[in-house]
Amino acid sequence: MKKIFLALIALTSVACNIDRSPYDSKESDTILTDPTGLQTITLGNYALLKGDATGGGFFNNLYRVGEYGGDNIDISGTTTDQFFYYYNYRSIKNNGRSNTIWNAGYKAIIGCNKVISKFAEGKDTNTDQLIGENYFLRAYVYFSLVNVFGKPYNQGTGNLGVPLKTSDDVNELPGRATVGQIYDQVVNDLRKAEQLMTLDKNNTYASKEAAQALLSRVYLYMENNDKAIEYADKVINSGKYMLLSNSELPSYATKTPETNKETIFAFKYNKDGDYSDGWYTIGSMYANIQNVGWGEMYASSSYLDLINQNPQDARLKFISPKYATPSVPVAYWVQQGTNASGGITYNYTFQKTFQQGGNTYFTMNNVNYQVQSEILPTKTNYYFINSNNVKVYVNLDNDMDKRNGYPKFYVLKCSLQEGVPQLWSPVILRLAEMYLNRAEGYAKKGNSASALADVNTIRTRAGIPAYPSVPSGQTILDLVLQERRLEMAFEAHRKYDVFRNKLSLDRNYPGTHLNGNNPFYTVPYTSNRIIEYIPEQQIQIQPNLIQNPD
């Protein structure tokens, strides 16, 4: 049997046979002449991107770059798993997870190229649909890869992106294309996909609306706000999708994609074949449920501070604090001083509170402080006056289970599909994002009224007060990005949303990212560490790949 190898996507120790279907061992030329060959190769491309039950594959690793490098989580300890380098911004050149992203991504690209180059359009709607799905998948992979390994679009379209390969010629080993060239390819592929896909399949397959939704995101990243709005409009006005109700929202992750009317596109995971024992899934790091899962990564205090501004927010139900028994009142994340770079630091404090003379006190550094409160329009703030006559704010709660001193605020947004502890079908595109994409586009065009209307659509669904106007001291873009953080948390968007908007990532909150020498309290958008190194294994195989700067 003839085997074809491509250095560009070779594994560390064994070259990959790019022509082998994930489902069987047929030679690719045989598959291409088989009546079901087009569907077989296409399903194989979906499978490569979805990954497997042991945490391998494209998305399982891609997710960790986008979410672990943000500010919605803290890790309660160290780990030998190389995703830790995404979390603490100590990138390494031989990160096996980055190599998996590269390998699986280019395997899928080669599979898509084979379909696009070998199957003719116009034969029938089924054929065109499948070809269009491959254009969509190729665009999704290239867009993802350029965000991991290339600087944001608005930092320079001439910056190096990733190799651009659109043929199935195994002797073609291109160097890195520019960020601009990759984005151009992504847009062209998605517009082609939009044209070809006309069948009404369920949301575990690419569709015309999925291509439009991804175009909205891509154009937003490119700061082509008119197009971002236009394509968000197309999806919203299609009538195919609806926001889940306020009561349904907390159970988003428990639904299968096909039964979720808000999901535009998702990779479907089944308990049989995609789950194993549940310990290697994404949700496993966030929670231990029914004795399944590591439960070592929790919602960050800065995220909790934000979402707790509205205790009635339905999205709070994605967070499950694990209380100790018996419950004992304590104060958490006390604002305490500044770090070497001048930012505020937060230290968890677990001193018990006590009552005396009708007042509440808690002990910090052997000093008893009286807890006072101030009532704001949307919440109550608790504070004490320190020795410098400065208000120091605290969050009062009951005593919680902890790991290495970090209270366990479990995240349930990636678990419990069909009641199975760590089963989850990753949501790639959903309707709420379209409202937020449109809002951001409007905000950047100076159309505050339209942007505020879209933000309020999301807030109203969440059960929290709509903004009558932009609050003093904030901009409309501030409101949009804040709502985007709340709504899209734990969906692998946050890191990209911060840096593409030329903001610094604020990590002044407890977590093991602050351990060691010279921790990153803040990460500026200009830092070389906002992107990953090109995997060293790939450079050894293909020396014309230029490494990202240290």
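Just so it is clear, the values below take in all heavy atoms, side chains as well, and ignore hydrogens, waters and symmetry mates.
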Novice: Can a salt bridge be assigned to the pair D274 and K268 using a cut-off of 4.0 Å between side-chain N and carboxylate O?
Specialist: no

Novice: A side-chain contact here means heavy atoms from C-beta on lying under 4.5 Å apart; do V498 and Y525 qualify?
Specialist: no

Novice: Using a distance-only test with no angle check, is there a side-chain donor-acceptor pair under 3.5 angstrom linking N154 and R500?
Specialist: no

Novice: Cation-pi check for Y467 against R459: NZ or CZ below 6.0 Å from the six-membered ring centre and within 45 degrees of the axis, yes or no?
Specialist: yes

Novice: Decide whether T475 and D478 meet the rule of one side-chain donor and one side-chain acceptor closer than 3.5 Å.
Specialist: yes

Novice: For a 4.5 angstrom cut-off between non-hydrogen side-chain atoms, does Y275 reach Q422?
Specialist: yes

Novice: Assign the ring pair F267 / F265 to parallel, tilted or perpendicular, where the plane angle (0 to 90°) is split at 30° and 60°.
Specialist: perpendicular

Novice: With a 4.0 Å cut-off, would you call E487 and R430 a salt bridge?
Specialist: yes

Novice: Does either side chain, that of S216 or that of N437, offer a donor lying less than 3.5 Å from an acceptor on the other one?
Specialist: yes

Novice: With the threshold set at 4.0 Å, does a side-chain nitrogen-carboxylate oxygen contact exist between R315 and E483?
Specialist: yes

Novice: On the six-membered ring of Y231, is K234 placed so that its NZ or CZ lies under 6.0 angstrom from the centre and within 45° of the ring axis?
Specialist: yes

Novice: Have a look at E433 and tell me which of H493, R438, R217 forms a side-chain hydrogen bond (donor to acceptor under 3.5 Å, both in side chains) with it.
Specialist: R217

Novice: What salt bridge (charged side-chain N to carboxylate O under 4.0 Å, His left out) pairs are there with at least one residue in residues 285-303, not counting sequence neighbours?
Specialist: E296-R403

Novice: Give a yes or no on whether the backbone of A489 and the side-chain of R494 come within a donor-acceptor separation of less than 3.5 Å.
Specialist: no

Novice: Is the side chain of Q417 donor-acceptor paired with the backbone N or O of S425 at a distance under 3.5 Å, no angle test?
Specialist: yes

Novice: Against L412, only a single residue in I319, T254, I289 fulfils side-chain contact (heavy atoms from CB on, under 4.5 Å); can you say which?
Specialist: I289

Novice: Tell me if a side-chain donor or acceptor on N61 pairs with a main-chain N or O of G57 at a distance below 3.5 Å.
Specialist: yes

Novice: Under 4.0 Å between a Lys/Arg side-chain N and an Asp/Glu carboxylate O for R507 and D74?
Specialist: no

Novice: Is E67 salt-bridged to K413, going by a charged N under 4.0 Å from an acidic O?
Specialist: no

Novice: Please determine whether a side-chain nitrogen of the Lys or Arg among E248 and K261 lies less than 4.0 Å from a carboxylate oxygen of the Asp or Glu.
Specialist: yes

Novice: Would you check if F59 and I428 make a side-chain contact, meaning some heavy-atom pair closer than 4.5 Å?
Specialist: yes

Novice: State, with a plain yes or no, whether a side-chain heavy atom of D454 is found less than 4.5 Å away from one of L436.
Specialist: no

